[in-house]
> 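To start, I am sharing the structure in question, which I have written as structure tokens.
Naming convention: chains lettered A, B, ... in sequence-line order (proteins, then strands); numbering from 1 in each chain. Hydrogens, waters and symmetry mates are skipped; everything else that's a heavy atom, side chains included, is used.
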2 protein chains.
Amino acid sequence: MNSDSAIQALGALAHDHRLAVFRLLVQRGRDGMAAGDIAKALGLPNSSLSFHLAQLQQAGIVAQRREGRSLIYSADYDAMEALMGFLTENCCQGAGCAPSVAQTKEQC
Amino acid sequence: MNSDSAIQALGALAHDHRLAVFRLLVQRGRDGMAAGDIAKALGLPNSSLSFHLAQLQQAGIVAQRREGRSLIYSADYDAMEALMGFLTENCCQGAGCAPSVAQTKEQC
DNA sequence: AAAACATTTCGATAATAGTCGAAATGAACT
DNA sequence: AGTTCATTTCGACTATTATCGAAATGTTTT
């Protein structure tokens, strides 16, 4: 994780609809959700949602896979942890006070 | 932490200069840093830095205090944890895979 | 191969964010 | 009380982002 990719991830999350999408996907876990279903769940026009999904994917915090006719999106937990680690890096002059977020990885 | 305040915090961090400021302050710990010193450290015009500091403060992830003539800024660790907790809320259908970031608080 | 279906791209428009020099504010020291 | 010093506000400009209907793309199924 470098500064540029962190900015992209943060910027992707820093939006009403995108944050809602991401949190929905985080709750869904590995199964993810089809684009159309997300649009229905959040009451967004397909074209708008598509725009936002592209940003989340481009930022690397959401993954896409095809299943039948549908495109399924899911949250990328590894990327989420990497982002958190980056934000707390060398916290308090390297006094080792950054939380160990490593456990998220195995548990998901 | 609600959606709006999370968006503000994420948006505040989703910028080149502001992320650099925040990470610098995270490393500094409670001591923080005067506005002028931050500007010097990052090579930014005072007016630009002031604009960005205001956003970080408005977002609640950076605190301000006066010391002599200087205004000292420091990272708000509690807010940072709250943000992380919000992002991982009900992760994987409530299977309890969210990292416990609570430890950061006591250690800083 | 054609029809049905899910999703993305296009296009035009509106709104918000970032930049930095110069002037203004306001606290502190003498 | 006036001067100095640190920081913020102002103003004008440029660039980026968000919106959504309609058309296009590309997959699957019959």
Side-chain angles (χ1 to χ4, degrees), chain A residues 3-25 28 31-76, chain B residues 3-25 28 31-76:
Chain A
S3 187
D4 282 350
S5 54
I7 288 166
Q8 262 212 312
L10 291 164
L13 293 170
H15 183 275
D16 199 6
H17 297 154
R18 288 195 297 263
L19 184 57
V21 168
F22 183 75
R23 280 173 32 97
L24 182 58
L25 293 178
R28 279 295 172 126
D31 291 351
M33 216 169 163
D37 291 343
I38 300 172
K40 250 173 255 160
L42 299 179
L44 295 173
N46 285 342
S47 62
S48 295
L49 179 68
S50 183
F51 172 79
H52 293 303
L53 282 173
Q55 307 231 4
L56 289 165
Q57 195 185 354
Q58 165 78 17
I61 53 180
V62 150
Q64 184 198 58
R65 71 177 190 273
R66 178 171 288 277
E67 215 165 86
R69 302 196 228 249
S70 298
L71 290 172
I72 310 286
Y73 289 88
S74 56
D76 184 326
Chain B
S3 186
D4 283 349
S5 54
I7 288 166
Q8 263 212 312
L10 291 163
L13 292 171
H15 184 275
D16 199 6
H17 297 153
R18 289 195 297 264
L19 184 58
V21 169
F22 183 76
R23 281 172 33 97
L24 182 58
L25 292 179
R28 279 294 171 128
D31 292 350
M33 217 170 164
D37 290 344
I38 300 171
K40 250 173 256 159
L42 299 180
L44 295 174
N46 285 341
S47 62
S48 294
L49 179 68
S50 182
F51 172 79
H52 294 303
L53 283 173
Q55 307 231 4
L56 288 166
Q57 195 186 353
Q58 164 79 15
I61 52 179
V62 150
Q64 185 198 57
R65 70 177 190 273
R66 178 169 288 277
E67 216 166 84
R69 303 197 228 249
S70 297
L71 289 172
I72 310 286
Y73 289 88
S74 56
D76 184 326

> Which residues, if any, of residues 54-69 of chain B bring a heavy atom under 4.0 Å of DNA chain C?
B:Gln55, B:Arg66, B:Gly68, B:Arg69
> Provide the start and end nucleotides, 5' to 3', of the part of DNA chain D that has atoms under 4.0 Å from heavy atoms of chain B.
D:dT4 to D:dT9
> When you match A:His15 and B:Ala34 each to their closest nucleotide on DNA chain D, which lands nearer the 5' end?
B:Ala34
> Could you give the CD1-to-P distance, from B:Ile7 to C:dA17, as a whole number of Å?
12 Å
> Quick check on side chain to side chain contact (heavy atoms under 4.5 Å, CB included): which of B:Leu25, B:Leu13, B:Leu10 does B:Ile61 satisfy it with?
B:Leu13
> Minimum heavy-atom separation for A:Glu67 and A:Ile72, please, with both atom names.
CB-CG1, 3.7 Å
> Given the rule in the side-chain contact (heavy atoms from CB on, under 4.5 Å) test, do B:Val62 and B:Ser74 qualify, once you have shown the distances and angles that lead to the verdict?
CA-CA 5 Å; B:Val62 150; B:Ser74 56; over 6 Å; no
> List, one per line, each side-chain donor-acceptor pair under 3.5 Å for residues 44-57 of chain B, sequence neighbours excluded.
unit_1: B:His52; atom_1: ND1; unit_2: B:Arg18; atom_2: NH1; d: 3.1

> If you round to the nearest 0.5 Å, how far is CG of B:Asp16 from OG of A:Ser3?
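One gets 5.5 Å once the value is rounded to the nearest 0.5 Å.
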> How bent is the helix from C:dA1-D:dT30 to C:dT30-D:dA1, comparing axes over its five end pairs at each side, to the nearest 10°?
40°
> Taking DNA chain D as the partner, which of residues 35-52 of chain A come within under 4.0 angstrom of it by heavy atom?
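By residue number: A:Pro45, A:Ser47, A:Ser48, A:Phe51, A:His52.
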> Could I get the full list of side-chain contact (heavy atoms from CB on, under 4.5 Å) partners for A:Leu71, not counting sequence neighbours?
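Counting only residues at least two positions away or on another chain, A:Leu71 forms a side-chain contact (heavy atoms from CB on, under 4.5 Å) with A:Gln64, A:Arg66, A:Tyr73.
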> Which comes earlier along DNA chain D counting from the 5' end, the contact point of A:Ala14 or that of B:Leu53, where each point is its nearest nucleotide?
B:Leu53
> Measuring only between side-chain heavy atoms, which start at C-beta, is A:Leu42 closer than 4.5 Å to A:His17?
no
